[in-house]
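Remarks on the structure that follows.
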Amino acid sequence: MSTASVPLPGWISYGVIPLLNLILAFFFSGLVVWAIGENPFEALKFLIEGALGRGDAIGFTLFYATSFIFTGLSVAVAFHAGLFNIGSEGQAYVGGLGAALVALSLDHYVPWYVTMPFAVIGAAIFGAAWAFIPAWLQAKRGSHIVITTIMFNFIGAALMVYLLVNVFIVPGKMAPETRTFLAGGQLPKLDWLMALFGLKLGPAPFNVSFIIALVMCYLVWLLIWRTKLGYEMRTLGISPTAAVYAGIPYVRTVIIAMLISGGLAGMMSLNAVMGASARLQVEFVAGAGFVGIAVSLMGRSHPVGIIFAAILFGILYQGGADLSFEMPNITRDMIVVIQGLVIFFAGALEYMLRPAMVRLYQTARGK
Amino acid sequence: MEYFDTFVSILGSAIRLSIPLLFTALAGLFSERAGIFDIGLEGKMLASAFAAACVAYWTGNAWAGLGAGILISIIFSLLHGFASITNRGNQIVSGVALNFVAAGLTIVLGQAWFNQGGRTGQVPPEGRFSGIILPGADMMREVPIIGPLYANVISGNNILTYIAFLMVPISWWVLYRTRFGLRLRAVGENPGAVDTAGVSVVWLRYRALIVTGFLAGFAGTYLSIAQSAAFINNMSAGKGYIALAALIFAKWKPVPVMFACLLFGFLDAFANFMQGKSMPLIGEVPVQIFQALPYILTCVLLAGFIGVARPPKAGGVAYTKER
């Protein structure tokens with residue numbers, strides 16, 4: 001009998017195998033570091049110190065993690081419905097437009113806590129809008145969502161550059177960005193939260209969007225496992241034909257799943273645009289949408305797993321910056337390699353270790 | 001005549017810009033027709049551009065550079081095969097992963113070896129593929145219409161350009177006139193039938209991926225040691241995705257692939273030309289429109305508004321033998 005159909009207990013499928021895949025990914029990353037002629041263990045030490053050693057380092061780590069939670073949730077929601085949304089990057093980028101428009105129009109008049117809910121809605125609507133056409137094309141015309149979302153990433157990038165260069169640019173300035181938001185359009189830092197743990201945040205832009213991200217994690221969990229819509233999405237993800245046979249409306253479910261996915265991606269911009277730079281800049285997403293793919297795969301599309309995976313990638317992003325400072329031979333792009341290897345082992349090769357684990361498990365149980 | 005000269009110069013640059021697209025789209029053609037989606041074309045192009053630049057820099061031999069580019073691209077292809085054929089992993093995920101590995105590794109290794117912020121060293125002239133002046137190009141230049149076309153568009157390109165156009169009929173012949181091609185197309189439509197006929201689906205798909213790696217290697221090599229003289233950070237800049245778009249735009253057929261790549265190359269060249277110029281009646285057209293146009297056109301096509309783009313039926317699904 002083939003090993004593929006043998007059931008494994010949850011702690012192996014969701015614990016041991018992902019952990020082993022992660023270790024493999026880090027092993028090969030270590031090989032790359034070693035090949036460059038640096039000591040991988042020392043590199044790891046610098047990386048962890050740089051990410052968790054000081055209060056502001058932790059602040060930066062959590063700041064990155066916040067973005068990755070949003071994009072990770074975005075990829076995960078689509079994934080549950082059987083859709084592979086590579087477009088989180090573009091949806092987050094366009095979502096930034098929504099957040100910026102709200103901030104630019106309200107920051108003169110109201111304090112941040114009035115702006116915030118509108119900004120959340122604005123970012124989500126713009127992100128969702130950018131996911132709508134690919135969703136509609138998938139649902140109605142059968143165009144492959146992977147291809148269309150890739151195309152929309154590029155179209156979105158072109159659109160945003162055009163808007164920033166020609167519309168939003170501050171007259172007389174060279175940089176293609178909006179004006180700086182006033183305090184009413186900024187999300188305040190969470191220094192009080194860090195102070196609770198006796199840490200000083202310093203210049204790190206760790207801000208209120210972290211709390212929004214955690215709320216979204218809870219809402220996504222509620223949606224996927226506790227609502228009818230979530231049930232329909234999961235059914236569609238496991239077997240589209242069964243879902244249609246059971247009377248689940250295909251077109252509606254696909255479009256709603258993608259709108260939610262795009263909306264979550266769009267909210268990532270709250271963190272980067274309103275929490276950190278206080279203005280809309282070119283390329284502010286900086287790959288966070290793609291990290292979302294790795295985060296979602298590693299977190300097994302579960303909000304709790306996504307939080308852990310997002311923090312891990314936050315550590316990589318913040319620690320990577322410090323590492324390249326300590327070891328000039330290793331550039332910051334090493335994290336892109338690690339990210340790729342994590343996606344490769346935790347995602348593409350997720351079944352590689354399964355047959356071996358099944359045999360081990362069966363021997364251990366004496367079958 | 002002035003308009004004609006401009007046209008000829010845009011056409012020349014359109015051809016130069018479409019060559020990497022053409023190699024990559026033909027590469028994607030083989031894997032997608034065999035039922036393996038390949039988002040990783042971008043990464044293959046980038047990795048082979050880097051390998052070609054390194055080897056050409058060290059050896060001063062362009063052909064050695066090409067060999068290295070092809071080799072590394074085939075290795076990436078085989079990794080994709082290992083994940084998506086042998087281990088039945090998700091083909092999209094695997095492609096995305098390999099793109100990141102290529103994007104990161106080229107910069108990390110480039111910085112470690114050359115210490116120029118991700119650039120490789122300047123490749124010496126003998127390590128590059130330079131333009132070949134076809135016989136009679138200078139004589140022909142004086143002939144109206146045909147002369148400038150021959151001298152500036154057809155002649156003066158490097159050898160890889162001619163190989164690229166040669167690959168179009170060869171690909172067509174392999175896909176439609178050989179046993180390998182017939183089986184390759186069959187395995188993309190109905191792998192079960194191919195298996196029943198006693199042909200190994202796994203080996204067939206691996207061979208298709210090797211061809212993909214081979215062709216994508218040319219594309220990367222072209223970027224780094226024919227079009228320029230060094231590897232630069234992220235020099236493929238989304239060309240792999242445009243090639244993918246061209247492949248879909250051409251409905252997975254070799255000859256239309258060539259026209260789609262020429263069209264997208266022309267859009268690119270035209271965008272460069274139009275930068276800062278204004279068009280009659282419309283005024284200045286934002287350059288971003290031309291940059292986005294290949295993607296928009298592909299989406300419109302995918303939506304089924306210009307004919308139907310029907311992908312290979314078994315694409316994206318790993319083949320499992322019956323238990």
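The chains referred to below are lettered A, B, ... by the order of the sequence lines, with proteins before strands, and numbering in each begins at 1. Computed from a prediction, not measured in an experiment: that's the story for all the values here.
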Would you check if B:Leu79 and A:Phe344 make a side-chain contact, meaning some heavy-atom pair closer than 4.5 Å? yes
Nearest-0.5 Å distance that lies between atom CD1 in A:Ile147 and atom CZ in B:Phe37: 7.0 Å
For B:Ile39, which atoms come within 4.5 Å of any heavy atom of chain A: side chain, backbone, both, or neither? side chain
Taken to the nearest 0.5 Å, the spacing of A:Leu349 CG from B:Thr86 OG1 works out to 9.5 Å
Distance, nearest 0.5 Å, that separates CD1 of A:Ile133 from CD1 of B:Ile296: 9.5 Å
Give, as side chain, backbone, both or neither, the part of A:Leu297 having an atom under 4.5 angstrom from any heavy atom of chain B. side chain
Pick one of side chain, backbone, both or neither for A:Ile86, based on which atoms fall under 4.5 Å of a heavy atom in chain B. side chain
Scored by heavy-atom pairs under 4.5 Å with chain B, the best of A:Ile338, A:Val161, A:Ile330, A:Ile293 is A:Val161
A:Val32 portion near chain B, given a 4.5 angstrom heavy-atom threshold: side chain
Point-to-point distance, once rounded to the nearest 0.5 Å, from CZ of A:Phe84 to CD1 of B:Ile92: 7.0 Å
How about A:Phe290 and B:Val96: do any of their side-chain heavy atoms sit closer than 4.5 Å? no
Heavy-atom closest contact (B:Ala97 atom, A:Gly340 atom, distance): CB-O, 3.4 Å
Is it the case that more than 12 heavy atoms not belonging to A:Phe168 sit under 6.0 Å from its CZ atom? yes
Relative to chain B, which segment of A:Ile150 carries a heavy atom at a distance below 4.5 Å: side chain, backbone, both, or neither? side chain
Could you look at B:Leu105 and say if it's the side chain, the backbone, both or neither that has a heavy atom under 4.5 Å from chain A? both
Walk me through it: do B:Phe100 and A:Val337 pass the test side chain to side chain contact (heavy atoms under 4.5 Å, CB included)? CA-CA 6 Å; B:Phe100 283 125; A:Val337 179; over 6 Å; no
How many angstroms lie between atom CD1 of B:Ile248 and atom NE2 of A:His144, to the nearest 0.5 angstrom? 9.5 Å
Might you confirm whether atom OH of B:Tyr57 has over 12 heavy atoms from other residues, nucleotides or ligands at distances under 6.0 Å? no
Check whether any side-chain heavy atom of A:Phe152 lies under 4.5 Å from a side-chain heavy atom of B:Cys299, and answer yes or no. yes
Under 4.5 Å to a heavy atom of chain B? For A:Phe345 that would be neither
Heavy-atom contact with chain B under 4.5 Å, split by part of A:Tyr162: both
For chain B, which candidate among A:Met151, A:Glu38, A:Lys140 shows the most heavy-atom pairs at distances under 4.5 Å? A:Met151
Looking at every non-hydrogen atom in both residues, tell me the closest pair between A:Thr331 and B:Gln111 and how far apart they are. CG2-CG, 3.0 Å
Chain B heavy atoms under 4.5 Å from A:Pro134: which part of the residue, side chain, backbone, both or neither? neither
Residues B:Ala112 and A:Ile36: closest non-hydrogen pair is CB-CG2, 3.3 Å
For A:Met352 and B:Phe82, what are the C-alpha separation, side-chain angles and deciding distance, and is it a side chain to side chain contact (heavy atoms under 4.5 Å, CB included)? CA-CA 10 Å; A:Met352 180 174 67; B:Phe82 178 68; 3.7 Å; yes
Hey, could you give me the OH/CD1 distance between B:Tyr295 and A:Ile155, rounded to the nearest 0.5 Å? 9.0 Å
From the list A:Val165, A:Asn153, A:Ile343, the residue making the most non-hydrogen contacts under 4.5 Å with chain B is A:Ile343
